[in-house]
Amino acid sequence: YKGKDEELKFNYELKTPSSLGVSVAYIVGKKGFISFDYRLRNYSDVRLSAENEDFTDEQEYFSNNLKQWVGDLGLGLELRNEALSLRSGFRYHELPYRNSIEGESATLQWSLGAGYAYRNLTFNIAYVIRNDNSIYDYYPQYKEVDATKIITRHRYFIASVNLLFN
């Protein structure tokens with residue numbers, strides 16, 4: 001941030017949630033695999049700190065508004081035929097907020113993709129659909145005004161080319 005006559009700097013440290021996860025995959029010969037992932041994130045670990053700064057209000061906000069444990073679930077499938085791979089996936093990401101409003105839900109994500117391997121090159125493409133449903137209460141002090149449901153839909157492609165070194 002630059003003020004009128006000087007440059008102002010602010011250094012801080014943010015400790016993000018710790019996580020613990022488990023992954024299991026079942027390999028179907030040389031034809032592909034099915035995978036399952038589950039991850040727990042501990043939001044009680046979140047910390048904001050800086051020298052000569054007091055973040056008591058922020059820490060209180062984290063403690064009062066974030067759940068201690070939040071889960072994520074992922075499922076995947078890959079089918080292989082020689083150099084071609086077809087992939088599909090699903091992810092459920094739970095909201096970390098303790099006081100979610102009724103109707104507010106988690107993030108849901110689906111993906112479809114394909115990959116092709118040729119010698120030491122791989123080409124990958126995926127189409128991802130992600131839906132986020134949230135609710136924002138602009139006027140929580142007025143019971144007569146309903147909260148607004150916000151539906152965000154993301155659609156995007158991801159592509160990569162990888163060079164493998166042996």
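Both L14 and Y43 belong to a single network of hydrophobic side chains, linked directly or stepwise wherever heavy atoms of I, L, V, M, F, W or Y lie under 4.5 Å apart. Placement of L95 and F62 within a single hydrophobic cluster is found when ILVMFWY residues are connected by side-chain heavy-atom separations under 4.5 Å, directly or transitively. Clustering ILVMFWY residues whenever any of their side-chain heavy atoms sit less than 4.5 angstrom apart, transitively, puts I34 in a cluster other than the one holding F90. In the hydrophobic clustering of ILVMFWY residues, with side-chain heavy atoms under 4.5 Å counting as a link, Y92 and L75 come out together. The cluster map of Ile, Leu, Val, Met, Phe, Trp and Tyr, joined by side-chain heavy atoms under 4.5 Å apart, puts W110 and I125 in the same cluster.
Counting non-hydrogen atoms of other residues, nucleotides and ligands closer than 6.0 Å to CD1 of I27 gives a total of 12 or fewer. Crowding of K15 atom NZ: a count of heavy atoms from other residues, nucleotides or ligands under 6.0 Å exceeding 12. Heavy-atom neighbours of R119 CZ from other residues, nucleotides or ligands within 6.0 Å: at or below the threshold of 12.
Under the 4.5 Å side-chain criterion, counting only non-hydrogen atoms from C-beta, L79 is not in contact with L84. At least one side-chain heavy atom of L73 sits less than 4.5 Å from a side-chain heavy atom of F36.
For the residue pair L112 and S88, the shortest heavy atom distance occurs at CD2-OG, 3.7 Å. P17 and D45 make their closest contact through CA-CB, 4.5 Å (heavy atoms, listed as atom of the first residue, atom of the second, distance). The minimum heavy-atom distance linking L40 with G71 is given by the pair CD2-CA, 4.1 Å. Residues L48 and Q59 come closest through the heavy atom pair N-OE1, 2.7 Å. The two residues S23 and D37 have their closest heavy-atom pair at OG-OD1, 2.5 Å. The two residues G115 and R87 make their nearest non-hydrogen contact at N-NH1, 3.6 Å.
Using a 4.5 Å cut-off between side-chain heavy atoms of Ile, Leu, Val, Met, Phe, Trp and Tyr, V128 falls into a hydrophobic cluster with Y156, I158.
Between H93 and R41, the side chains place a donor N or O and an acceptor N or O closer than 3.5 Å (distance only, hydrogens not considered).
Ionic pairing of D72 and R91 is not present here: no N-O contact between side-chain nitrogen and carboxylate oxygen is shorter than 4.0 angstrom.
Taken to the nearest 0.5 Å, the CZ atom of F123 stands 10.0 Å off from the OG atom of S160. Atom OG1 of T122 sits about 3.5 Å away from atom CG of N162, to the nearest 0.5 Å. Between the CG atom in N120 and the CZ atom in F165 there is a gap of 8.0 Å [rounded to 0.5 Å]. How far CG of N42 is from NZ of K67: 13.5 Å, rounded to the nearest 0.5 Å. Note that CZ of F33 is 8.5 Å distant from CG of L77, once rounded to the nearest 0.5 Å. How far CG of L164 is from CG of L121: 7.5 Å, rounded to the nearest 0.5 Å.
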Determine whether E51 and N11 satisfy the following criterion, side-chain contact (heavy atoms from CB on, under 4.5 Å), listing intermediate values before the conclusion.
CA-CA 8 Å; E51 283 187 33; N11 293 319; over 6 Å; no

